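Whatever order the structure lists ligands and atoms in, that order sets their numbers, starting from 1. Every value quoted in this text rests on a predicted model; they were computed, and no experiment measured them.
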Amino acid sequence: MTDAGVLIVGASQAGAQLAGSLREFGATCPITLVGAEEHLPYQRPPLSKAFLSGQVDADSLLLRSADYYADQDIAVVTGEWIDRIDLDATGGCATSASGRTFDFDRLALTVGGTPRRLPVPGADLGNVFYLRDLADATALRASLDAAERVVVVGGGFVGLEAAAVANSLGKDVVVVEALDRLMARAVAPVVSQFYREAHERRGVRVLLDTGVVGLTGTSTVASVDLSDGTSLPADIVLVGIGLVAHTGLAEQLGLEVSSGGIVIDAHARTSRPGVVAAGDCTVLRSHEGLLRIESVANAIAQGRAAAATLAGIDDPLSAVPWFWSDQGEIKLQIAGLSVGYDDVVVRGEPDSEQFSALYYAADQLIAIDSVNTPRDYMAVRKILEKGGSVPRGAAADLEVQLKSFLPARV
Ligand SMILES: Cc1cc2nc3c(=O)[nH]c(=O)nc-3n(C[C@H](O)[C@H](O)[C@H](O)COP(=O)(O)OP(=O)(O)OC[C@H]3O[C@@H](n4cnc5c(N)ncnc54)[C@H](O)[C@@H]3O)c2cc1C
């Protein structure tokens, strides 16, 4: 490498991990982490949980202190949106919207994404919120205080977490989901059904198979018009209908972009030598096809893999994916990938609010969703990491400890 070093565009979970891992792998080159937000990299998960409910403040969200970056000689540049990147034979130069330039030898894109907008009339009214960054969460938190009726559009993780917080604050909450079940992209029907009932038991209304056709109000939203011709009164609307990855820079560079993300391999390499990508902006080419995984664990694992690649170390992605979602006091923990499952075994009683769903493909255990059962989750995560399984016939038997199936050797 020359003196320009590594430029990481996007200063959040994946970018911060990539920078730190580069130093851990022994890289001595200059590292610049540039991001559009005004903050040092911070954790997003609390934005729909403890930060939204007022239990923690913004300072506690930082992933690392300013001292850490200084000690590691990582230059963090905040408040700069990169809108153009030029590559040449030895590296390239990125230019921000304000005109600052950043030379580099190697480039990493960790640019995440932006919330999918609600494509209906009235969506630009006041008090219509999205929840992706600290600014969004701060604005939502401030408006939530004065609101009585909250409509959440989208029954995915972020929407349901925020719905649980609003409900716990005594708001009248309705979740509107266009599909016939909650979190349909991620979990089996039995888990969706459990969550519907659990939220309803706590007083949240859940409307499935229901689209939003418009929002009405004068300057701020007053009601949500539904596909069945009815409407819901609303002081606040929170839209949580997915993420659109930032692929603009990748497209500009001619990188392969497919299924809504920058295509990478297990080494976090893009289609262009010298350019890696990690986190929510990517789709991973794998045996299961192109995988889009939006999670902290994925951002960490891919950030690390990208750092290894830039440092010339052969250390591809190998970790079993994991994820969590706290919806009120109900903790969902997921290990493995359930894509392509052909059977689900339920362990425990969903009505007790403590159970697991174990996913199988051709008799092999491939994933688990655990609800308030961390012991099952940890056992299965370790079993999957060691390439083991749990016999399908034994999975539902609460007398059988799942950890007894942990392979003795890798
Ligand atoms: C409310 C909420 C709750 C969540 N809860 C959980 C959870 O419970 N468990 C879990 O596993 N995951 C959760 N996630 C997901 C997790 O936070 C993300 O998967 C993770 O943040 C992805 O990190 P990333 O670095 O890839 O992308 P991001 O965090 O999106 O960061 C990308 C950064 O790049 C910057 N950027 C983009 N383009 C440019 C550009 N051109 N120039 C400069 N900067 C740019 C953006 O401003 C942003 O700061 C949650 C996410 C949200 C929003």
Side-chain angles (χ1 to χ4, degrees), residues 7-19 32-52 61 63 76-85 94-98 100 102 107-116 129-138 140-141 152 154 156-165 183 186 238-240 242-253 261-262 264 268 277-283 292-303 306 321-327 331-335:
L7 178 69
I8 305 168
V9 181
S12 180
Q13 192 83 53
Q17 179 67 40
L18 205 165
T32 305
L33 180 57
V34 58
E37 293 183 68
E38 297 292 345
H39 319 276
L40 288 175
Y42 61 89
Q43 315 167 56
R44 297 192 196 281
L47 299 181
S48 51
K49 308 176 185 76
F51 179 80
L52 189 60
L61 302 182
L63 285 167
V76 185
V77 182
T78 58
E80 294 289 345
W81 175 263
I82 300 298
D83 62 5
R84 183 176 150 182
I85 299 179
T95 309
S96 75
S98 73
R100 275 184 76 172
F102 302 87
L107 175 68
L109 297 177
T110 52
V111 286
T114 193
R116 189 179 302 285
F129 294 94
Y130 294 84
L131 190 43
R132 183 68 191 171
D133 60 24
L134 188 53
D136 295 337
T138 304
L140 176 60
R141 190 163 101 168
V152 175
F157 294 116
V158 169
L160 291 172
E161 290 175 357
V165 168
M183 300 178 287
L238 171 63
V239 182
L243 188 76
V244 179
H246 284 131
T247 55
L249 291 173
E251 279 156 11
Q252 214 184 81
L253 294 172
I262 305 168
I264 59 165
D280 281 11
C281 62
T282 70
V283 293
R292 181 84 188 274
I293 307 175
E294 293 159 23
S295 74
V296 165
N298 182 61
I300 291 172
Q302 290 189 353
W322 55 272
F323 180 80
W324 80 96
S325 171
D326 297 339
Q327 297 174 28
K331 188 171 194 74
L332 173 66
Q333 292 170 291
I334 299 177

For D326 and K331, what are the C-alpha separation, side-chain angles and deciding distance, and is it a salt bridge (charged side-chain N to carboxylate O under 4.0 Å, His left out)? CA-CA 5 Å; D326 297 339; K331 188 171 194 74; 3.0 Å; yes

Checking side-chain hydrogen bond (donor to acceptor under 3.5 Å, both in side chains) for the pair T78/E80: CA distance, chi angles, key distance, verdict? CA-CA 6 Å; T78 58; E80 294 289 345; over 6 Å; no

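Close approach of ligand 1 to G35 (heavy-atom distance below 4.0 Å) involves ligand atoms 43 (C), 44 (N). Counting the atoms of ligand 1 from 1 in the order shown, those under 4.0 Å from a heavy atom of H246 are 37 (C), 38 (N). Residue-ligand proximity, F323 to ligand 1, at heavy-atom distances under 4.0 Å covers atoms 9 (N), 10 (C), 11 (O), 12 (N). Within ligand 1, counting atoms from 1 as listed, the ones closer than 4.0 Å to a heavy atom of Q13 are 23 (O), 25 (O). Residue-ligand proximity, S295 to ligand 1, at heavy-atom distances under 4.0 Å covers atoms 11 (O), 12 (N), 19 (O). Using a 4.0 Å cut-off to heavy atoms of E37, the atoms of ligand 1 that qualify are 47 (O), 48 (C), 49 (O). Near G279, the atoms of ligand 1 lying under 4.0 angstrom from a non-hydrogen atom of the residue are 26 (O). Near E294, meaning under 4.0 Å from any of its heavy atoms, are these atoms of ligand 1: 19 (O).
Scanning V9, V111, L109 for the heavy atom closest to atom 36 (N) of ligand 1 points to V111. Distances from atom 48 (C) of ligand 1 to the heavy atoms of R44, E38, Q17, Q333 show the closest one on R44. Between Y42, W322, W81, F51, it is W81 that holds the heavy atom closest to atom 40 (C) of ligand 1.
At the shortest separation from atom 44 (N) of ligand 1 among protein heavy atoms lies A36 N, 3.0 Å. Nearest protein heavy-atom contact of atom 25 (O) of ligand 1 is A14 N, 2.9 Å. Closest to atom 13 (C) of ligand 1 among all protein heavy atoms lies P45 CG, 3.8 Å. If you check which protein heavy atom lies closest to atom 1 (C) of ligand 1, you get S48 OG, 3.5 Å. The single protein non-hydrogen atom nearest to atom 42 (N) of ligand 1 is I82 N, 2.9 Å, given as residue, atom name and distance. Of the protein's non-hydrogen atoms, D280 OD1, 2.8 Å is the one closest to atom 19 (O) of ligand 1. At the top of the distance list for atom 31 (O) of ligand 1, counting protein heavy atoms only, stands S12 CB, 2.9 Å. Shortest contact from atom 16 (C) of ligand 1 to any protein heavy atom: V296 CG2, 4.0 Å.
With contacts defined as side-chain heavy-atom distances shorter than 4.5 Å, the pair Q333/W322 does not qualify. Within the 4.5 Å cutoff, no side-chain heavy atoms of P41 are placed close to those of Q13. Contact of the I262 side chain with the V283 side chain is not registered, since no non-hydrogen atoms from C-beta on lie closer than 4.5 Å. Counting heavy atoms from C-beta outward, V9 and F102 have side chains that stay 4.5 Å or more apart. Annotation: side chain of I82 is not in contact with side chain of T95 (no heavy-atom distance under 4.5 Å).
Distances shorter than 4.0 angstrom occur between a heavy atom of E80 and an atom of ligand 1. Remark: distances from the non-hydrogen atoms of K49 to ligand 1 include one below 4.0 Å.
W81 and H246 have perpendicular rings, their planes meeting at more than 60° on a 0 to 90° scale where under 30° would count as parallel.
Here the CG atom belonging to L47 is positioned 6.0 Å from the OH atom belonging to Y42, to the nearest 0.5 angstrom. Here CG of L131 is found 12.0 Å from CZ of R141. Values are rounded to the nearest 0.5 Å. To the nearest 0.5 Å, atom CG of residue D133 and atom CD of residue E38 are 11.0 Å apart.
Of all the heavy atoms of W324, the ones lying under 4.0 Å from any atom of ligand 1 are found in both the backbone and the side chain. In L249, the part holding a heavy atom less than 4.0 Å from any atom of ligand 1 is the side chain. When non-hydrogen atoms are compared, ligand 1 lies under 4.0 Å from the backbone of R132 as well as from its side chain.
With sequence neighbours left out, Y130 forms a ring-ring contact (aromatic ring centres under 6.0 Å, His included) with no residue at all. Shown here are the salt bridge (Lys or Arg N to Asp or Glu O under 4.0 Å) partners of R116, two or more places apart in sequence or in another chain: there are none.
Judged purely by atom type and a 3.5 angstrom limit, Q302 uses its side chain to pair as donor or acceptor with the backbone of G279.
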